[in-house]
Amino acid sequence: MKKSLILLLISFYSLGQAKQKPNIIFIISDDHTSQAISAYGSKLAKTPNIDRIAREGAILYNNVVTNSICGPSRATLLTGKFSHKNGYKFNEKKFDIEQAVFPEELQKNGYQTAWVGKMHLGTLPHGFDYLNILPGHGSYYNSDFVDSQNKTTRREGYVTNVITQLSKEWLNQRDPNKPFFMVVGHKATHRSWLPDIPDLGAYDDVTFPIPDTFYDNYAGRLAAEDQDMTIDKTMILSQDLKIHGKYEGPGDGGNYNRFTPQQRPPFYDYYENKISKEFDEKKLSGKALAEWKYQRYMKDYLSTANSLDRNIGELLEYLDKTGLAKNTVVVYTSDQGFYLGEHGWFDKRFIYEESLKTPFVIRYPGAIKPGTKVSQVVSNVDWAPTLLDIAQTKVPAEIQGKSFLPVLKGQGKNWKNESYYHYYEYPQPHHVYPHFGLRTAQYTLVRFYGPKNFWELYDIKKDPKNLNNIYDKKENAQIIADLKKQLVQKIHQYDDKEALEIFQKGQ
């Protein structure tokens with residue numbers, strides 16, 4: 001009898017533990033690509049803290065986005081809807097705050113909610129008990145922050161460090177009796193790449209190998225040929241690479257006029273007295289100049305990423321010390337992929353692999369087996385329903401994505417394994433033609449439209465760098481027919497009327 005009572009109590013305790021709602025910290029950076037994360041096999045940088053999340057949980061190798069630019073990606077996160085449904089197709093617009101966002105469902109389920117750092121939606125959405133966000137992209141040094149009452153405060157320090165500090169402050173003052181959901185939105189590694197002072201010159205002893213597609217001739221790819229995002233021609237020496245930057249007044253987009261008297265000397269000394277001097281002495285042109293710009297880009301980008309990983313480690317350490325790690329889900333992702341010299345480019349936007357795929361690692365103690373590797377295609381439209389599923393919260397019917405929590409638990413045998421994409425922003429700032437398409441486990445089918453109308457097809461298993469457009473090859477006729485059938489099904493399913501009209505006009 002006594003033994004039975006003990007077993008019954010253990011069962012009730014275990015049931016209570018199982019039903020305890022987990023806390024969730026969702027860390028989303030900006031333009032930080034998987035090519036710069038060692039957990040993804042990168043040899044370019046070491047990211048021990050991002051790697052730790054992957055090692056202690058799951059790493060996704062085919063996490064893609066629905067519209068590869070900053071604001072629209074965050075709007076998709078908040079709504080679980082595609083850009084044509086949430087209304088945020090382009091950057092620098094105003095997000096419609098009258099529409100539902102998934103943190104509201106978490107609030108109804110007893111969660112405290114917060115967003116700290118970059119949001120980039122032009123408005124303050126509902127669904128958050130606490131906001132302390134950057135206006136627009138914010139600044140790397142001494143940035144302004146906007147709170148829930150729309151009050152702006154300038155906070156001294158390097159922005160990545162300040163975001164971590166504000167995040168920990170909110171965690172310390174929250175109600176400890178309620179579960180929480182917090183987004184930590186980092187500005188890093190967005191253009192222009194300003195490293196923290198301790199990271200200046202962190203990669204100066206490294207010579208990075210030139211990507212084998214750096215001198216891509218874009219044969220058979222009209223949109224790739226007609227873009228404006230090359231390191232050679234588009235990257236600005238003063239603004240992007242800090243060559244004789246304007247330290248007085250509003251020059252260079254205000255990058256350098258926020259320094260305190262203590263911050264300015266080491267930054268100025270490094271970029272003016274060392275890097276600019278080196279540039280002047282070399283007197284480069286042609287390919288030599290393009291490759292020098294690439295080296296400087298990589299050094300600045302990865303130096304900026306150093307503080308990102310370091311601050312993720314600081315937050316993980318906080319969870320360990322407070323005991324929160326045991327029941328806190330931690331996600332690290334970025335708003336989309338990014339080009340690190342592939343095809344001669346920086347930036348994103350294209351449905352092509354380096355831009356389309358974004359890193360995603362998740363640790364969920366007791367639910368996701370450490371060391372889990374996920375190869376299925378999942379999308380950022382699936383993030384919101386997955387987070388709701390983790391939080392044991394009902395997913396509203398109007399959300400267009402699906403929870404991939406079963407996939408993370410190794411139960412995703414019937415997962416769709418394909419994703420729909422639609423990019424709109426043209427002609428500025430990078431002259432990438434608008435396009436929509438389908439990414440499956442093996443193929444990418446894309447329809448470009450606007451100034452020119454044409455199709456492209458890639459076998460990403462044979463051609464992961466998207467160099468060989470095989471749309472016009474006769475032997476692919478049946479593959480194309482099948483993929484177009486799948487594509488139009490997705491267009492109907494997600495009610496993309498603009499894409500449907502374009503598709504019907506020129507199949």
Side-chain angles (χ1 to χ4, degrees), residues 62-69 72 76 81-85 89 218-227 336-337 348-357 375-382 400-402 404 412 414-426 432-507:
N62 285 292
N63 184 82
V64 302
V65 296
T66 59
N67 183 359
S68 184
I69 45 174
T76 294
K81 297 178 182 178
F82 290 87
S83 299
H84 64 275
K85 283 296 185 183
K89 300 178 179 179
Y218 315 120
R221 291 162 288 144
L222 297 178
E225 184 179 19
D226 199 21
Q227 45 60 46
Q336 73 276 309
K348 54 265 185 176
R349 300 168 195 274
F350 281 104
I351 197 174
Y352 305 146
E353 290 291 283
E354 297 94 342
S355 167
L356 180 70
K357 293 199 295 188
S375 60
Q376 289 96 325
V377 179
V378 301
S379 167
N380 64 342
V381 78
D382 302 317
Q400 294 181 296
K402 301 294 182 185
F404 56 86
N414 298 319
W415 184 251
K416 60 185 187 302
N417 215 26
E418 60 190 23
S419 182
Y420 180 65
Y421 184 88
H422 197 160
Y423 169 82
Y424 303 86
E425 195 169 84
Y426 178 86
V432 173
Y433 294 174
H435 55 285
F436 58 88
L438 182 72
R439 163 64 153 80
T440 72
Q442 182 167 357
Y443 295 103
T444 295
L445 177 71
V446 53
R447 169 65 188 275
F448 288 90
Y449 64 92
K452 297 178 182 178
N453 297 280
F454 53 93
W455 290 90
E456 292 181 357
L457 173 68
Y458 299 94
D459 184 335
I460 52 179
K461 288 192 174 179
K462 296 179 180 177
D463 178 27
K465 297 177 182 178
N466 303 130
L467 296 172
N468 186 22
N469 175 17
I470 57 174
Y471 183 81
D472 291 328
K473 293 187 178 296
K474 292 181 180 179
E475 61 267 29
N476 294 321
Q478 189 57 54
I479 293 171
I480 291 168
D482 292 342
L483 288 171
K484 283 187 175 180
K485 184 178 179 181
Q486 289 176 254
L487 175 60
V488 78
Q489 286 173 345
K490 291 295 179 187
I491 290 172
H492 281 295
Q493 177 184 346
Y494 300 129
D495 193 29
D496 190 347
K497 293 181 174 62
E498 181 180 2
L500 181 62
E501 183 179 354
I502 294 167
F503 182 89
Q504 292 175 335
K505 281 182 179 178
Q507 294 187 42

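Quantities reported herein were computed from a predicted structural model and do not represent experimental measurements. Just so you know, these numbers use all the heavy atoms, side chains as well, and skip hydrogens, waters and symmetry mates.
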Any chance the side chains of T76 and N380 put a donor and an acceptor closer than 3.5 Å? no
Quick one: closest heavy-atom pair of I460 and T440, and the distance? CD1-O, 3.7 Å
Do the rings of W415 and F404 sit parallel, tilted or perpendicular, given the 30° and 60° boundaries? perpendicular
So that I can tick it off, tell me whether E501 and K505 are bridged by a salt bridge, with the cut-off set at under 4.0 angstrom between side-chain N and carboxylate O. yes
Tell me the closest heavy-atom pair linking A223 and F448, and the distance in Å. CB-CE2, 3.5 Å
For L457, is there any backbone N or O sitting under 3.5 Å from a side-chain donor or acceptor partner on N469? yes
Would you list the pairs meeting side-chain hydrogen bond (donor to acceptor under 3.5 Å, both in side chains) in which at least one residue belongs to residues 472-481, sequence neighbours left out? Q478-D482
Nearest atoms (heavy-atom pairs only) where L222 meets E456: N-OE2, 3.9 Å
Examine distances only and state if a side-chain atom of N67 and a backbone atom of P72 form a donor-acceptor pair shorter than 3.5 Å. no
For Y423 against V432, the heavy-atom pair lying closest together: CE2-O, 3.4 Å
Exam field: side chain D382 to backbone G401, donor-acceptor pair closer than 3.5 Å: no
Counting only heavy atoms not in K89, do more than 12 sit closer than 6.0 Å to its NZ atom? yes
Would you say the ring centroid of F503 lies under 6.0 angstrom from that of F436? no
Show the numbers, then the answer: is there a side-chain hydrogen bond (donor to acceptor under 3.5 Å, both in side chains) between Q376 and N62? CA-CA 6 Å; Q376 289 96 325; N62 285 292; over 6 Å; no
Check whether any side-chain N or O of S355 sits under 3.5 Å from a backbone N or O of R349 as a donor-acceptor pair, and report yes or no. yes
For Y433 and D226, which I'm curious about, is there any donor-acceptor pair between the side chains at under 3.5 Å? yes
Sorted by chain and number, sequence neighbours left out, side chain to side chain contact (heavy atoms under 4.5 Å, CB included) with K85 holds for K81, Q400, D495
Would you say D496's side chain and H84's backbone share a donor-acceptor pair under 3.5 angstrom? no
State, to 0.1 Å, how close Y420 and L487 come at their nearest heavy-atom pair, and which atoms those are. CE1-CD1, 3.7 Å
N468 versus D463, closest heavy-atom pair with distance: N-OD2, 2.8 Å
In this structure, which one of Y421, W455, Y449 forms a ring pair (Phe, Tyr, Trp, His ring centres under 6.0 Å) with H435? Y421
When the ring planes of Y352 and F350 are compared, do they come out parallel, tilted or perpendicular, using 30° and 60° as the limits? parallel
